[in-house]
Amino acid sequence: MANNYTDHPELRFEMNHPLMKRIVELKERGFAEKDAYDYAPIDFDDAMDNYDRVLDIVGEIAGTTIADNAEGVDLEGPHHVGDRVNYASGTDRNLDAMVKAGMNGMTMPRRYKGLNFPITPYTMCAELVAASDAGFGNIWSLQDCIETLYEFGDADQHARFIPRVCEGETMSMDLTEPDAGSDLQSVMLKATFDEENNCWRLNGVKRFITNGDAHLHLVLARSEEGTTDGRGLSMFIYDKRDGGVNVRRIENKLGIHGSPTCELVYKNAKAELVGDRKMGLIKYVMALMNGARLGIAAQSVGISQAAYNEGLAYARDREQFGKAIINFPAVADMLATIKAKLDAGRALLYQCARYVDIYKALDDISRERKLTPEERKEQKLYAKLADSLTPLAKGMNSEYCNQNTYDALQIHGGSGFMMDYPIQRYARDARITSIYEGTTQLQVVAAIRYVTNGSYLAQMREFEQAECSEAMKAIQARAKVMADKFEEAVARVKEAADQEYHDLCARHLVEMAADVIMLHLLIYNASADAALFERSARVYANFVEAEIAKHHTFVMNLTTESLADYRQA
């Protein structure tokens, strides 16, 4: 029986990282709930066993039920009936399986019927689901919108809405509009306060809303009349039970067919303010988007794993010229590179998730008591690390996802172009990952300040001091040379003191940083488990050494005079 968790030991390796000790300690508050809830862990080992068992359950549901329904869901898709959305029949079966297994509201406190899981195992569950059906992954994983309500909503909203999500109700985040995609400060959906009924009313249109007919919606709307920028936007929660929002259409998409992407019309819809007015974009959406970007990074890794599985299986079975094509160097090279990028991207994803776990847990504790000076320092450190790695995890994994599915389809040859093989679905689903929740270009915008302020270089230099296995020492030395080239390229861009030059070089510098950091993470993994990761570390070192040279050459050869060559206007 297929199991997306136990079939891949790399996942259990990431779950057993030393930082999990601190994460569990913070999340469980000294295991204070062990007497109040029979499913609360009694110690660290019990907590880790809980995570492992839940991952096993999700891995089995994903590898069987969700995988079995995936093709039918892709062909059927959701249905627009009147003003509502009906999921594909397979999607309903998937949701039913996950709800019956209790896999909703995973990160929420137990007092709201949640599992009180850290972000790391929840993110891994998102990867497992996406490896079978990325479209369904969108529906199921949007439960993490409740994190934003938990963080910024009031106690009454917590009590009324969080248990519903834990019991299986779905969520959406309604941000984009026909004239406000990446530029969210241009959102114009109008929010006005209804004095008579003591509530807010929303009017306008939202577009490209994933799972747009969900039970609960977090909505970005303009609450301050006369404003045109982000300072006039607030966050609201809309409950489908109250009515007032209709689905105008479901978009006809290239991929992720099971996930309904909707255009919504708000007509005097009743809503509640979340947190403070005017903080919707400045604070709340930023938090919401960081969680969503980690989710898309997980989705990208899941699709990459599925693509690798399909490419490997086909290459082993397909014979040409009297032997299996896996024995041809050209195919072997493609498979090894896919696997190396998969392992490197996954290492970055879970390093980021662990950093998020630590600072989020400390944030939660700070709402109960004052943090100690040591805790405040720890919170600040891990918040900065998480913020720096999130755009890298989303940007690089989504790009790797596209590259990996492309290569896995290529391994299939003409068969990959036929609808008979699942690789075509993974290739179609992959394409959106580098677009939604912030394009790769926007991830560069988010990451570039960590290039220029020296944060990424400091992380590289710290990695260079880490102990590694004898087999990895030569690769660690090569990584230092790559970091030196990165440092040289950054210095050249700074010396140019030209914004256009800076912007044109930004993606090259960000990818250099990501390449070196991911290589160091693989060096760590290979030192801890050579059988699982040493091969990938060697292959990835060769791959990124060439990438670093390419980017370094671009930056060092570019001059302010040659910028005109890149202007299209």
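- Rounded to the nearest 0.5 angstrom, Asp407 CG and His412 NE2 are separated by 12.5 Å.
- Checking side-chain atoms of Asp429 against main-chain N and O of Gly255 turns up no donor-acceptor pair under 3.5 Å.
- Judged purely by atom type and a 3.5 angstrom limit, Tyr501 uses its side chain to pair as donor or acceptor with the backbone of Leu558.
- Taking a cutoff of 4.0 Å between a charged side-chain nitrogen and a carboxylate oxygen, Asp387 and Arg449 qualify as a salt bridge.
- Side-chain N or O atoms of Asp7 include one that pairs as donor or acceptor with a backbone N or O of Asn3 at under 3.5 Å.
- Taking the six-membered ring for Trp, Phe13 and Phe533 have ring centres closer than 6.0 Å.
- Heavy atoms of other residues, nucleotides or ligands lying less than 6.0 angstrom from CZ of Arg431 number 12 at most.
- Surrounding CZ of Arg29 are more than 12 heavy atoms belonging to other residues, nucleotides or ligands, all under 6.0 Å away.
- Rounded to the nearest 0.5 angstrom, Asn290 CG and Thr148 OG1 are separated by 10.0 Å.
- Residues Arg428 and Gln424 have side chains that bring a donor and an acceptor to within less than 3.5 angstrom of each other.
- Between Trp140 and Tyr122, the ring-plane angle classifies as tilted under the 30° and 60° cut-offs.
- Salt-bridge formation is not detected for the pair Glu374/Lys377: no Lys NZ or Arg NE/NH1/NH2 atom is positioned less than 4.0 Å from an Asp or Glu carboxylate oxygen.
- Taking 4.0 Å as the cut-off between side-chain N and carboxylate O, Glu534 and Arg538 count as a salt-bridged pair.
- Classification of the Phe463-His520 ring pair by plane angle, with boundaries at 30° and 60°, yields parallel.
- Contact of the Met235 side chain with the Met279 side chain is not registered, since no non-hydrogen atoms from C-beta on lie closer than 4.5 Å.
- Ring-plane geometry between His508 and Phe554 is classed as parallel, the angle between the planes falling under 30 degrees on a 0 to 90 degree scale with a further cut at 60.
- Between the CZ atom in Arg567 and the CG atom in Leu504 there is a gap of 9.5 Å [rounded to 0.5 Å].
- The environment of Glu368 atom CD is dense: over 12 non-hydrogen atoms of other residues, nucleotides or ligands sit within 6.0 angstrom.
- Panel note: side chain Asn397, backbone Gly345; a donor-acceptor pair is recorded below 3.5 Å.
- Gln299 and Asn138 form a side-chain donor-acceptor contact under 3.5 Å, judged by distance and modelled atom types alone.
- Between Cys125 and Leu55, the closest side-chain pair of non-hydrogen atoms falls below 4.5 Å.
- In Phe543, the CZ atom is crowded: over 12 heavy atoms of neighbouring residues, nucleotides or ligands sit closer than 6.0 Å.
- Of all non-hydrogen atoms in Leu11 and Leu128, the two that sit nearest each other are CD1-CD2, 3.6 Å.
- Contact check on Lys360 versus Glu147 returns no salt bridge, with no Lys/Arg side-chain nitrogen under 4.0 Å from an Asp/Glu carboxylate oxygen.
- Not a single donor-acceptor pair under 3.5 Å links the side chain of Arg110 to the backbone N or O of Asn116.
- Inter-residue side-chain proximity for Met286 and Leu281 is flagged as met; some heavy-atom pair is nearer than 4.5 Å.
- Note that CG of Asn404 is 9.0 Å distant from OG1 of Thr337, once rounded to the nearest 0.5 Å.
- Classification of Lys34 and Glu28 as a salt-bridged pair fails, no side-chain N sitting under 4.0 Å from a carboxylate O.
- Under the 3.5 Å distance criterion, the side-chain polar atoms of Glu488 are left unmatched by any main-chain donor or acceptor of His552.
- Residues Gln305 and Asn309 have side chains in contact (heavy-atom distance under 4.5 Å, counting atoms from C-beta outward).
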Before you tell me yes or no, could you show the steps for Gln351 and Tyr524 under side chain to side chain donor-acceptor pair (under 3.5 Å), namely the whole-Å CA-CA distance, both residues' side-chain angles and the distance that decides it to 0.1 Å? CA-CA 11 Å; Gln351 187 81 338; Tyr524 170 86; over 6 Å; no
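- Under 4.0 Å is where a charged nitrogen must lie from a carboxylate oxygen, and between Glu547 and Lys550 at least one such pair does.
- No more than 12 heavy atoms of other residues, nucleotides or ligands lie within 6.0 Å of CD in Glu462, so this atom counts as exposed by the packing criterion.
- Tyr450 and Tyr456 have tilted rings, their planes meeting at an angle from 30° to 60° on a 0 to 90° scale.
- Salt bridge annotation for Lys473-Glu470: present, with a cationic side-chain nitrogen under 4.0 angstrom from a carboxylate oxygen.
- A salt bridge links Lys480 with Asp484: at least one charged nitrogen is closer than 4.0 Å to a carboxylate oxygen.
- Listed here is the closest heavy atom pair of Ile326 and Val331: CA-CG1, 4.2 Å.
- To the nearest 0.5 angstrom, Glu399 atom CD is 4.5 Å from Arg507 atom CZ.
- Look at Asp49 and Arg53 and you find a salt bridge, because one of the NZ, NE, NH1 or NH2 atoms lies within 4.0 Å of a carboxylate O, short of that distance.
- With respect to Glu375, the side-chain hydrogen bond (donor to acceptor under 3.5 Å, both in side chains) criterion is satisfied by exactly one of Arg369, Lys380, Lys370: Arg369.
- With a 6.0 Å radius and a threshold of 12 heavy atoms from other residues, nucleotides or ligands, Arg478 has its CZ atom above the threshold.
- In terms of modelled atom types and a separation under 3.5 Å, the side chain of Asn402 and the main chain of Ser398 share a donor-acceptor contact.
- Considering only heavy atoms from C-beta on, Ile517 comes within 4.5 Å of Met460 through its side chain.
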Apply side-chain contact (heavy atoms from CB on, under 4.5 Å) to His8 and Glu127, showing your working. CA-CA 12 Å; His8 304 294; Glu127 178 193 331; over 6 Å; no
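- Distance alone, capped at 3.5 Å, places no donor-acceptor pair between the Lys394 side chain and the Gly295 backbone.
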